[in-house]
Amino acid sequence: MHIVIKLFGVPLSCPITNSMNIWFSCFLFIIVTPAHIVRLYDRFEALDKEKTGHLRPQDFGAINRLAMNPIGDRIIGAFFSPGQETVDFHSFVRILAHFRPADKKHPKDPSMPEPVNSRTSKLKFAFQLYDQDKDGKISRAELLQVLRSMLEMQVTEEQLESIADRTIQEADLDNDDAISFEEFRKSLEKVNIDHKMSIRFLR
Amino acid sequence: MSVRVALHSPTGSRSFLERGLLLLVMLIFLEGTVLTLGAASSPDISAQDNTGGGHDRRDDHRGIAGSHEQTNYTYTKKAFPVLSLDYHHIQVPFEISLWVLLASLMKLGFHLIPRLSGIVPESCLLIVVGLLVGGLIKLAGEEVPPVLDSNLFFLCLLPPIILDAGYFLPIRPFMENIGTILMFAVVGTLWNAFFVGGLLYAVCQIEGTYLSQVELLPCLLFGSIISAVDPVAVLAVFEEIHINELLHILVFGESLLNDAVTVVLYHLFEEYSGAGEVTPMDVVLGVICFLIVSLGGIAVGAIYGILAAFTSRFTSHTRVIEPLFVFVYSYMAYLSAEMFHLSGIMALIACGAVMRPYVEANISHKSHTTVKYFLKMWSSVSETLIFIFLGVATVAGPHAWNWTFVSVTVILCLVSRVIGVVGLTFIINKFRIVKLTTKDQFIVAYGGLRGAIAFSLGYLLNKDHFPMRTMFLTAIITEIFFTVFVQGMTIKPLVDLLAVKKKQEAKRSINEEIHTQFLDHLLTGIEDICGHYGHHHWKDKLNRFNKKYIKKCLIAGERYKEPQLIAFYHKMEFKQAIELVESGGGVKLPSAMPSQVSMQNIQPKKLPPAVAERALPQFTKGREEEIRKILRSNLQKTRQRLRSYNRHTLVADPFEDGWNDFLLKKQRMIELEKKMTEMSNYLTVPAAPPDSPTMCRARLASGDDFKAEKAGAKVIPDPNAFYNIKASSEGVPTIQVDLASPQSPDSVNMLNEFSKRGAKDQGLGQREVATRDEDQGLMMKPSSAGKEEKGEEEGGNKNPGLMRCLSDPGPSNEDEEDEPFLP
């Protein structure tokens, strides 16, 4: 209990007594080990240069290496739910919780909603990064965009298009010329997502 | 003898086997004769004869002179010998060839026997063969030659296997599990060595075992020799059980990386077993030594790897010797590392792994194939020889059988392995994202096979320092036999029984490749946001560094700019194209589609003849003739490309030559398909099987007329072949292609792609004509430059990188290579 208080008492400037239980239950399910939250909180504070308790897209953009990342914009975008300009620590952690390694020791509780670090929600997160217009499908244009940014202008447009065509044909099972989430999941069936989409220190 | 019995039992290919048997007997007989001379050559016998007959010319060959030889060479005037027998002249290479031949024939023989190779691992059979050969030599009353000499083993037999492993090491899973592998390799081996050595010493001290003269240090030395998992044995067994990638890389990686530990422990204990005292200082030195041996080995390998990559940058004009650089540099790396007593195995692995991406980008596709095949061939022959020699050495060696020592060794090895693996996994699992299950642990523990490296190390021991050397050797051999036979034979059923995940044979799809890269970027980004310098962060840094500097230095021409994804895409396209060409598509257009489909979904070989017949396309006589003409002219074109002989270039093989052809044909095929949908006339006269090679050749031989090409292009009856096959085979499960099946996305793609492009091309009727013209212009009329250019533009634009893939990459584009050969 006192860890939670220490963590979120002053800096978040929210009344401890009222929301403490909510906070606590949230983090009990998202991230169990407080040490990591401490670390993430430090990071959050470091990114939050103006000490508002909220991060804006510019704050993310200030991370040097993220600017070099070909899909950096998409990653930043993923932190902001539509219509919102800022993200607070709670949502920040919630997004990062996607990358927690799945814990096999705790058997799945059927009454609970699917944990945010399950295979499906990990995949969903990745899928949403592709699917910028949020229509539930990766269209050819969206795929081309991703490819273009990943390949960094080193290839001709025709090459890109042929790769995109090829990719869609390969994954597209219902011939709608786009990749739905099901098709996306199917094409990654053999990939160990738990391994690929987990960061160890978030355990 | 069991092999003998087994050799006779199968019904099929008996004559072949009998011939093989005959050869075996012959070989053994020859072996006998060889040994007669060999035995006579042992210095104690021949020394006197030697000095006596000073006129022997062959003295310097082997320092031998059989007494009967003396009579042959005398100064007395004799008739000029028209035919003389001089076996010694060729003895060494001849014997080597004999052994290699024996090994290869045995390997051949095992695979001719149905079912046998499914039950017993090849390594076991080879050891049995070695035992038999050794036994026969012994029966003939000869001394068994010391075939598994340590020098021979470490300098000739081992490197090819390790290089093969290193060059084709799956880097990604290896690096992802490097922590676990290192843990097993270093800590696990150390644990095994000390546990086995220490407990053995304790057992030896028990009264009544007659082993009290065995001291602690030799025991530890023995422990360090016996504790290392052997890459050769692991490879031989694990290749056959097709275990999943994770387990394979864990056990195999361990067997490779524990070499450094073994080398250090071996030298350490050997050094101190004479001196006796071991101070804490020595332990510290040992740790430092370990670091030097392992890191030094990697450094040496990396240096040679970079050198090899750099050299391959400039080989675009002498393609024939390209593959050689790969082998020579790696061998030099191995030898250089061995020179300093560094870990040669690690040097080879590092060398192979470092040079591969750059070399592959630089050398031509053909050279790459050569490298691949040579490595595979060498490693498999070496492996075969090693196992045979193990058998022979078992018969040959002096043995000192001590029940206590041997049985305790075997039991302790098993126990320590199990404890080590379970204990280490307990620690490792705390750090792993994907935990090792109990099943995995069992397989890792059970897969810890020992092999010839241990034997060779034991063989190297000095008899004066280690009076119990023979006993050690016997125990080592027993342990090897136990692991290879008992564990090697039972691991396959156990894997099935435990339902351990098997390797997925399917190749990587482009989707996986793209998404994997995407996820990599994503995770790098997330790590950056968290401010956490983890796995992905460093990988990304390394990638950037590689792209920015190293690739520029080591890869010739513009290729260094090529992103990984593009390279992958080209490789995939190329593979598919080759399949298409090999299945006849490149030469015979009509059959391309169906065989392409069948190649991917079913093994063409497995087609029962009846089905094949039923699936045959049906044509009228006239149509058939037309088709033949088209085929003929198509074939003719590839042949008409005369090439002058050049000592430094290989004559291109038709598949690659036909590549341009193929691209065009792909386009034409689309066109054909369009037309074919309009045609609905099904014809009745059965045609010859479209894939029969003899037919091909016959057609090929029967004159040329390329006018038929044009006629054929207009009529185009061929596609019916494809559709008929599909239609008539609907009831036949073997050919049926489930277009919606997720397992065969490629086949679906092909179809989609073709029809799509077809649609495109239909719109541009103009382009079609150009295509066809260019097809001819390229092949037949090199003078019509304008058309050719146009055509090349088209072919080239479609897949520029693909062409590069096929032709020789580098600064000299394909034009440069091709031009001199144009008639």
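Excluded from the calculations below are hydrogen atoms, water molecules and symmetry mates; all remaining heavy atoms, backbone and side chain alike, are included. Naming: A, B, ... by sequence-line order, numbering from 1 per chain.
- Taking A:Phe181 as the reference, A:Phe127 meet the ring pair (Phe, Tyr, Trp, His ring centres under 6.0 Å) condition, with sequence neighbours excluded.
- The line from CG of B:Asn429 to CG of B:Asp440 is 9.0 Å long, rounded to the nearest 0.5 Å.
- Here the side chain of A:Glu142 pairs no donor or acceptor atom with the backbone of A:Ala178 at under 3.5 angstrom.
- Residue contact with chain B, scored on non-hydrogen atoms closer than 4.5 Å, involves the side chain of A:Ile71 exclusively.
- Using modelled atom types, one side-chain atom of A:Asp172 and one backbone atom of A:Asp176 make a donor-acceptor pair closer than 3.5 Å.
- Interface residue B:Leu522: backbone and side-chain heavy atoms are both found under 4.5 Å from chain A.
- For the options A:Leu143, A:Ile76, A:Leu129, heavy-atom pairs under 4.5 Å to chain B are most numerous at A:Leu129.
- Here B:Leu523 is the residue among B:Leu519, B:Asp520, B:Leu523 with the most heavy-atom pairs under 4.5 Å with chain A.
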